[in-house]
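Here the structure comes first, spelled out in structure tokens, and everything after it is commentary.
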Protein chains: 2
Amino acid sequence: MSAAESAVETIQREMTIFARRARASAGRMHPELSLVSYTLLGHLEERGGCRATDLAAHYALDKSTVSRQVAALERAGLIERRLDPEDHRVQVLHLTEAGQEILAQVTRSRRAAFRERLAGWPEEDLVRFAAYLERYNAGPAGAD
Amino acid sequence: MSAAESAVETIQREMTIFARRARASAGRMHPELSLVSYTLLGHLEERGGCRATDLAAHYALDKSTVSRQVAALERAGLIERRLDPEDHRVQVLHLTEAGQEILAQVTRSRRAAFRERLAGWPEEDLVRFAAYLERYNAGPAGAD
DNA sequence: AGTTCAAGTTGTACTATACAACTACAACCG
DNA sequence: CGGTTGTAGTTGTATAGTACAACTTGAACT
């Protein structure tokens with residue numbers, strides 16, 4: 001096996017390990033915000049509000065799933081819905097202040113975990129690793 | 001923000017994207033084998049058989065969860081249980097031939113997906129990326 | 001023998017998810 | 001206009017994966 005093939009093997013294996021661990025630990029680390037909820041809130045913050053349908057499309061989730069997640073987030077007071085005056089079918093979702101706070105807090109704690117894990121890496125390696133990951137994820141969606 | 005801090009941000013973000021995508025696509029890509037089942041079968045192959053309790057410990061799953069997964073895999077004919085003659089509480093799990101075949105097939109198809117995604121990467125980058133991932137995952141478990 | 005420990009199963013509950021059927025509104029077309 | 005078709009979102013139903021607790025069975029060690 002060539003060095004390239006064996007590197008691909010390793011990348012596959014390590015990415016799988018990571019995915020499994022992330023799934024296992026996500027719920028336990030931030031009981032207040034599941035990985036999906038966190039991602040949705042993050043998207044809302046980044047975009048400054050969007051529609052449930054956009055979330056579903058972007059994250060390849062069924063609209064019913066998003067609908068229930070959104071309902072839960074609203075119940076928890078983390079987002080609010082504003083009827084689009086242009087189109088009354090549409091509800092534009094926005095973070096509430098509480099939502100912004102929780103998102104910031106979870107982001108901080110996640111960032112701390114990553115930072116700790118990456119402590120001791122030379123800056124050059126961090127930058128290259130980050131670039132590789134971006135390049136990997138920028139590829140066509142669909143493969144793991 | 002320093003280059004190192006911003007790289008950590010990027011790593012966190014991209015790893016999260018990856019974990020989300022993996023979860024979303026795993027079920028659709030290999031309906032015959034969930035990510036967990038695949039991982040369990042892989043572990044059995046690697047170890048040449050082990051106990052349900054070992055699986056639970058290694059993957060931080062509840063023993064009841066493993067028990068049901070194992071039951072399903074046995075029902076599907078992919079693994080078999082052998083009573084440990086030394087200790088009749090213990091069932092040593094082994095891949096059946098069908099299990100080995102399916103595992104090999106899913107591994108091939110996953111590998112193909114990764115290979116396609118990484119096509120065009122210079123060998124040097126593949127090797128470095130693989131090394132970074134190994135180093136990342138080798139850190140203390142628990143952080144995402 | 002009796003107690004304590006370990007492996008595994010089963011009952012129950014919860015979360016995330018998908019698919020399908022439905023409602024409400026919009027847009028378009030004749 | 002007014003009917004048809006399309007889009008946003010909700011709700012009913014089903015399934016998978018998971019955890020926790022209670023239980024069964026066998027082992028080990030006094």
- Under-3.5 Å donor-acceptor pair between A/R20 side chain and D/dT18 base: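 Answer is no: no donor-acceptor pair is held.
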Heavy atoms under 4.0 Å, any strand shown: does [X] hit a base, just sugar-phosphate, or nothing?
{"X": "B/T53", "answer": "sugar-phosphate"}
{"X": "B/V36", "answer": "sugar-phosphate"}
{"X": "B/R51", "answer": "sugar-phosphate"}
{"X": "A/D87", "answer": "sugar-phosphate"}

Return no unless some side-chain N or O of [X] is found under 4.0 Å from OP1 or OP2 of [N].
{"X": "B/T65", "N": "D/dG17", "result": "no"}
{"X": "B/Q69", "N": "D/dT18", "result": "yes"}
{"X": "A/S67", "N": "D/dG9", "result": "no"}
{"X": "B/R89", "N": "C/dT9", "result": "no"}

- Item | B/R135 and A/D125 ion-paired at < 4.0 Å |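 Yes, this pair counts.
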- Query: Would you call B/R13 and A/E134 a salt bridge, using N to O less than 4.0 angstrom?
  - Reply: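 Salt bridge between B/R13 and A/E134, a charged N being under 4.0 Å from a carboxylate O: yes.
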- Given the rule that I, L, V, M, F, W and Y join up when any side-chain heavy atoms are under 4.5 Å apart, are B/L93 and B/V106 in one cluster?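 Linked, B/L93 and B/V106 end up in one cluster.
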- In Å and rounded to the nearest 0.5 Å, what is the CG to CG distance from A/L44 to A/L103?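 Answer rounded to 0.5 Å: 9.0 Å.
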- Query: What residues in residues 98-106 of chain B put a non-hydrogen atom under 4.0 Å from any atom of DNA chain C?
  - Reply: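 Contacting residues: none.
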- Over 60° means perpendicular and under 30° means parallel, so classify the ring planes of A/Y59 and A/H43, tilted if in between.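 A/H43 vs A/Y59 ring planes: perpendicular.
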- Message: Please confirm whether the ring centroid of A/W121 lies under 6.0 Å from the ring centroid of B/Y132.
- Response: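 Yes: the rings meet the under 6.0 Å criterion.
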- Message: Nearest heavy atom decides the nucleotide; on that basis, is A/V90 or A/S64 closer to the 5' end of DNA chain D?
- Response: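 Comparing both residues, the 5'-ward one is A/V90.
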